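The structure displayed is predicted, hence computed values, not measured ones. Below, chain A is the first sequence line, B the second, and so on; all start at residue 1.
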Amino acid sequence: MNGRFKWSMYMAAKYQPNEIEGKWQQFWENERTFYTNEASLAPKFYMLEMFPYPSGRLHMGHVRNYSIGDVVARYKVKCGFNVMHPFGWDAFGLPAENAAIERGVHPAGWTYANIKDMRGQLQKLGLGYDWDREIATCHPDYYKWEQLIFLRAYEKGLVYRKKALVNWSEKMQTVLANEQVIDGVDYRYGLPVIQKELTQWFFKTTAYAEELLDGIDNVLEENWPRRVLLEQRSRIGKSHGARVEFRLEEAIEGETTLPVFTTRPDTLWGVTFMSLAAEHPMALKLAEGTDKEADVNAFIQKTLSEDKRKRGSEDYEKQGVFTGKYCTNPVNGTKVPVYIANFVLMDYGTGAVMAVPAHDQRDFEFAQKYGLPIKVVIHPDENTSLDAAAMTEAYVEDGVMVNSEMFNGKNNRESIEQIADYLEEKGWGGKTINYRLRDWCVSRQRYWGAPIPVIYCDKCDVVPVAEDQLPVMLPEDVKFEAEGGSPLAKCESFVHTTCPKCGGAARRETDTFDTFMESSWYQLRYASPRFEKGPVDPAAIEKWLPVDQYIGGIEHAVGHLMYSRFYHRLMQDLGFFPKSVSPEPFHKLLTQGMVCKETRFTKDENGNPVWHTDDDIDENGMSKKNGQKVLTGRVEKMSKSKYNGVDPEAIMARYGVDSARMFVLFASPPENDLVWKDEGVEGVHRFLSRVWNMVQQRLDDLKVAAAFDGNTAGLSSDGKELHKLTHQTIKGVTEDVHERFHFNTAIAKSMEFMNAISKFRGEAGNAQDASVQRDAVLVLVNLLSVFAPHICEELWQLLGQTGSISTVAWPTYDEDAVKESTITIAIQVMGKMRGTVEAPAGCSKGEMEKLALAHENIQKHIEGKTVRKVIVVPGKLVNIVAN
RNA sequence: GCCAGGGUGGCGGAAUUGGUAGACGCAAGGGACUUAAAAUCCCUCGAGUGAAAACUUGUACGGGUUCGAUUCCCGUCCCUGGUACCA
């Protein structure tokens with residue numbers, strides 16, 4: 001013990017997380033540490049993670065998502081922000097209905113029980129939420145506002161009805177969601193699913209295409225992951241082109257022209273036929289009453305009955321049928337045959353395509369198959385011409401226009417705009433912009449969702465439910481069966497109603513909303529979760545929106561994130577909150593990676609894998625199921641089917657919450673996939689134990705030491721080093737946490753700091769050393785408290801500090817204290833490392849060069865050579881060029 | 001096919017602007033303590049040569065720019081994700 005601090009002589013208590021964690025969770029709840037203070041004048045910070053579906057079981061993906069969010073929220077609290085960090089439940093959805101069918105439990109009961117269970121599990125994670133703001137989207141107080149928003153949008157013409165195809169199972173007499181259809185058959189019986197047309201409700205998302213693009217350019221560009229923006233841009237799919245109207249031989253239902261969209265008006269003179277989608281409204285009409293009618297009908301029926309996914313697949317054979325009709329190319333009066341083709345999509349452009357086989361590969365293949373003419377209108381250049389008869393594929397590159405009247409000899413790319421202007425001038429079409437984005441179909445033929453507030457009357461047609469009649473409640477007394485259609489449609493008491501207009505007998509809409517409707521505006525509702533006069537309190541929106549930091553899975557890159565961006569603008573335009581609020585709901589986005597684990601398996605007699613959990617394997621690596629040697633498979637996303645999931649509760653029970661949280665933060669940066677390793681959790685658990693033991697062992701010294709006054713003069717050289725490292729660590733950790741969210745490196749720096757503190761032994765009797773050690777330990781606990789809050793609260797208290805570490809200010813560093821007094825200079829000869837030398841900080845270039853040349857090993861390397869040049873990077877490196 | 005992002009020890013990952021590659025952790029090996037084990041602590045740890053000092057080599061592969069390249073440029077291979085008859 002000579003020259004050292006006394007160590008506590010009693011046996012310090014071992015780190016036992018389960019004994020302290022509950023206590024501090026209760027403390028935060030009692031003190032309302034993480035509840036928003038509406039009266040606070042501090043700047044606001046709205047922190048939000050994507051809310052979960054209440055499946056009933058917390059999984060590691062949740063632990064990761066919410067741990068990341070909690071670090072940011074805790075950090076912002078410590079930085080003095082007035083933080084709003086709410087939580088809720090995306091509570092409508094299919095699993096509840098499946099549970100009802102399979103186990104006879106009511107979706108509502110099942111859902112609320114799951115919420116209770118999951119809330120308990122989350123609270124055990126020690127997450128700092130404002131539970132006063134909790135919402136569940138299946139609650140009428142939530143969905144009634146959604147119904148109101150829908151009605152207002154309907155009034156404004158932003159909602160409409162049209163026919164659309166759905167997946168229909170004859171066996172089950174019901175509509176299936178896309179995920180319930182696997183390779184064209186249903187998930188339950190494996191029987192065929194057909195496409196059936198139903199009238200459904202749509203939001204006019206397309207009206208916002210341009211605004212959604214503007215938001216990306218003006219607000220999100222720097223703040224959202226590039227990947228997500230790219231996916232959103234490509235989903236919106238803006239493309240410039242021209243509309244061209246081909247004349248029909250005779251009017252069909254009053255239509256005299258067949259409009260097409262093309263991005264290549266420069267190939268207009270090369271059109272040799274026309275292709276229509278099978279769904280095109282004119283498809284059936286064209287052949288009506290002709291000898292082609294039977295063939296055309298058969299072809300359309302065949303195409304429509306095929307699975308959407310199959311139609312989109314690569315090896316799908318391009319087929320078509322001639323309608324017997326022709327239309328006329330306005331620019332040159334050429335009559336071209338009209339075909340129905342199975343590769344033309346009704347969803348894009350006008351559902352009709354002008355076919356230019358010479359310059360489009362699909363049209364080329366189609367023309368060859370059906371013996372249609374190929375007409376070249378672009379040559380690669382003046383000296384190279386194409387021969388249609390000799391072509392083996394379409395020429396899609398740029399070149400010189402030919403056979404195109406007044407455009408002959410011109411560059412095709414440069415002529416595109418002029419041709420569009422020419423069409424406009426002649427009244428044959430004109431410039432246009434087309435979007436890939438489709439209107440949003442919100443009708444779902446399911447029970448467990450928000451009812452669409454509409455009534456159908458034989459006399460008055462479609463009648464919206466009066467606003468004072470909202471909510472249209474989801475009835476509870478319904479039967480759930482796998483077969484026989486929607487429970488809501490069979491619920492007589494729900495369906496039969498009176499018409500609000502004429503008072504006669506009428507029927508209610510029995511479809512419910514897509515669950516993306518609920519998740520599109522929950523971030524707005526959180527600002528005033530119990531507001532009774534509307535979906536949102538405008539004052540609260542002005543105060544809290546936008547969300548400053550949003551965190552969630554990359555799988556929502558387009559779906560949820562596109563719908564909520566649309567919905568935010570929609571609600572703003574409907575006047576629910578003012579235009580002064582940002583048009584974007586989420587200003588910063590972090591998309592975290594998946595939680596994965598290696599898979600373990602044996603093989604059955606057919607060579608197919610039989611997945612194993614860790615518990616299925618004995619200590620010799622053999623299967624308890626079949627006695628075979630267990631093999632290790634790829635690292636894959638944790639899933640029930642692969643048996644590679646890890647139960648968060650088991651981990652928490654074994655290592656404690658802080659270790660579980662810390663591991664998911666330390667194992668990799670948030671945006672990467674995380675590979676789960678039990679040994680890794682043990683590692684961070686060991687680290688936390690070392691912190692715990694260090695504080696316990698030095699507690700007596702730490703408690704009696706005076707607060708460090710910042711005066712470094714009296715410190716021993718080790719003391720000076722520790723003081724410097726303290727400030728360097730604050731700087732490094734702050735930078736890692738602040739914008740980069742690189743918690744893995746922040747934790748690594750804390751570990752290095754901890755290792756240095758453990759090694760530190762102050763000079764005997766040096767009070768300044770004792771103080772600087774105290775300062776270091778307090779800083780360590782403060783920094784770690786955002787990652788491992790429970791142990792840090794306990795240690796903070798143990799160290800005799802008052803208050804909660806959760807509300808103590810984040811430490812700040814002194815720029816001078818961070819600076820090194822001596823620097824290590826790297827010395828290279830011809831760019832190769834040959835040694836290092838210590839030099840005082842601020843050492844001049846000349847001195848650096850002198851020190852480098854004097855280095856023993858360097859002399860050896862430059863011996864007998866001429867020094868041509870010496871490159872000196874101040875404070876870093878000297879490179880000697882010699883030969 | 002197209003678009004995007006990657007490829008660094010046995011593993012997860014560091015290296016923020018071109019300047020000492022491999023921080024931190026895991027695993028592994030060796031040692032201390034113990035009757036023993038666990039726990040804990042100490043040491044080693046990219047590959048090769050060497051007793052050591054040191055040297056060679058090394059960030060998918062092949063080139064280039066540079067005094068100097070994991071980092072910048074060109075080409076190739078591989079992986080992951082998104083998207084796909086988009087007219």
Looking at Tyr655(A), Phe687(A), Trp692(A), which hits ring-ring contact (aromatic ring centres under 6.0 Å, His included) with Tyr15(A)?
Trp692(A)
What are the atom names and distances for every N/O pair under 3.5 Å that joins the protein to nucleotides 13-20 of chain B?
from, atom 1, to, atom 2, distance (Å)
G13(B), O3', Asn744(A), ND2, 3.4
A14(B), OP1, Asn744(A), ND2, 3.4
A15(B), OP1, Arg740(A), NH2, 3.3
G19(B), N2, Gln828(A), OE1, 3.4

Check ion pair Lys731(A)-Asp736(A) (N to O, under 4.0 angstrom)
no
Below 4.0 angstrom from OP1 or OP2 of C55(B), is there any side-chain N or O of Asn857(A)?
yes
Any idea if G30(B) is syn or anti, going by the 90°-from-0 cut?
anti
Please give, in whole Å, the distance from C86(B) P to Asn434(A) CG?
13 Å
Separation of the P atoms in A28(B) and A39(B), to the nearest angstrom
11 Å
Whole Å only: how far is the CG atom of Asp363(A) from the C1' atom of C86(B)?
13 Å
What class does the angle between the rings of His359(A) and Tyr395(A) fall in, given that below 30° is parallel, 30 to 60° is tilted and above 60° is perpendicular?
perpendicular
Please determine, for the side chain of Ala748(A), which listed nucleotide (A4(B), C24(B), A87(B)) has the closest atom?
C24(B)
Under-4.0 Å salt bridge between Lys724(A) and Glu721(A)
yes
Taking atom C1' in both G46(B) and G29(B), what distance in whole Å separates the two?
16 Å
Can you tell me the Watson-Crick or wobble partner of C85(B), both distances under 3.5 angstrom?
none
Run the ring-centre check on His685(A) versus Phe663(A) and record whether the distance is less than 6.0 Å.
no
If the P atom of G58(B) is compared with that of A4(B), how far apart are they to the nearest Å?
31 Å
Pairwise P distance for C42(B) and C26(B), with rounding to whole Å:
12 Å
To the nearest Å, give me how far apart CD (Glu671(A)) and C1' (A4(B)) are.
15 Å
So, is Arg235(A) near the phosphate of A84(B), with a side-chain N or O under 4.0 Å from OP1 or OP2?
no
salt_bridge(Glu671(A), Arg740(A)) N-O dist < 4.0 Å
no
Comparing Tyr348(A) and Met751(A) on RNA chain B - which has the more 5′ nearest nucleotide:
Met751(A)
Sticking with atom C1', work out how far C33(B) lies from C43(B), rounded to a whole angstrom.
15 Å
Pairwise side-chain contact, Glu838(A) with Ile823(A), heavy-atom cut-off 4.5 Å (strictly under)
no
Test Lys14(A) against Gln696(A) for side chain to side chain donor-acceptor pair (under 3.5 Å), laying out the working first.
CA-CA 9 Å; Lys14(A) 205 179 153 216; Gln696(A) 292 277 358; over 6 Å; no
What integer distance in Å separates His556(A):NE2 from G82(B):C1'?
16 Å
Would Phe366(A) and Phe343(A) count as a close aromatic pair, with their ring centres under 6.0 Å?
yes
Given A87(B), is OP1 or OP2 found less than 4.0 Å from the side-chain N or O atoms of Arg362(A)?
no
Return no unless some side-chain N or O of Lys14(A) is found under 4.0 Å from OP1 or OP2 of A39(B).
no
Closest-nucleotide ordering on RNA chain B, the 5'-leading residue of Arg227(A) and Lys677(A)
Lys677(A)
Between C55(B) and His861(A), is there an OP1 or OP2 to side-chain N/O distance shorter than 4.0 Å?
yes
Which nucleotide, if any, forms a Watson-Crick or G-U wobble pair with A60(B), using both distances under 3.5 Å?
U76(B)
Check whether any side-chain N or O of Asn755(A) sits under 4.0 Å from OP1 or OP2 of A23(B), and answer yes or no.
no
Span that lies between the C1' atom of G9(B) and that of A60(B), in whole angstrom:
15 Å
May I ask you to say what Gly237(A) touches in the nucleic acid, namely base, sugar-phosphate or nothing, with a heavy-atom cut-off under 4.0 Å?
nothing
Please report, rounded to the nearest Å, how far the P atom of C67(B) is from the CD1 atom of Ile858(A).
20 Å
Complementary nucleotide of U17(B), counting Watson-Crick and G-U pairs under 3.5 Å
none
What interatomic distance, in whole Å, is found between C1' of U49(B) and the corresponding atom of C67(B)?
29 Å
When you check the phosphate oxygens OP1 and OP2 of A53(B), does a side-chain N or O of Arg834(A) lie under 4.0 Å from one of them?
no
Measure the distance from CD1 on Ile236(A) to C1' on C86(B) and round it to the nearest whole Å.
15 Å
Interatomic distance where CE belongs to Met346(A) and C1' belongs to C86(B) [whole Å]
14 Å
A87(B) P sits how many Å from Glu245(A) CD, rounded?
20 Å
Opposite nucleotide pairing with U34(B), Watson-Crick or G-U, both atom distances under 3.5 Å
none
Please measure how far the P atom in G68(B) lies from the corresponding atom in U57(B), and state the result in whole Å.
15 Å
Does A53(B) have a Watson-Crick or wobble partner in any strand here, with both distances under 3.5 angstrom, and which is it?
none
Base, sugar-phosphate, or nothing: which does Arg868(A) touch, judged by heavy atoms less than 4.0 Å apart?
nothing
A quick test of your reading: do over 12 heavy atoms of other residues, nucleotides or ligands sit less than 6.0 Å from CD of Glu417(A)?
no
For Arg438(A), which contact category applies under a 4.0 Å heavy-atom criterion: base, sugar-phosphate, or nothing?
nothing
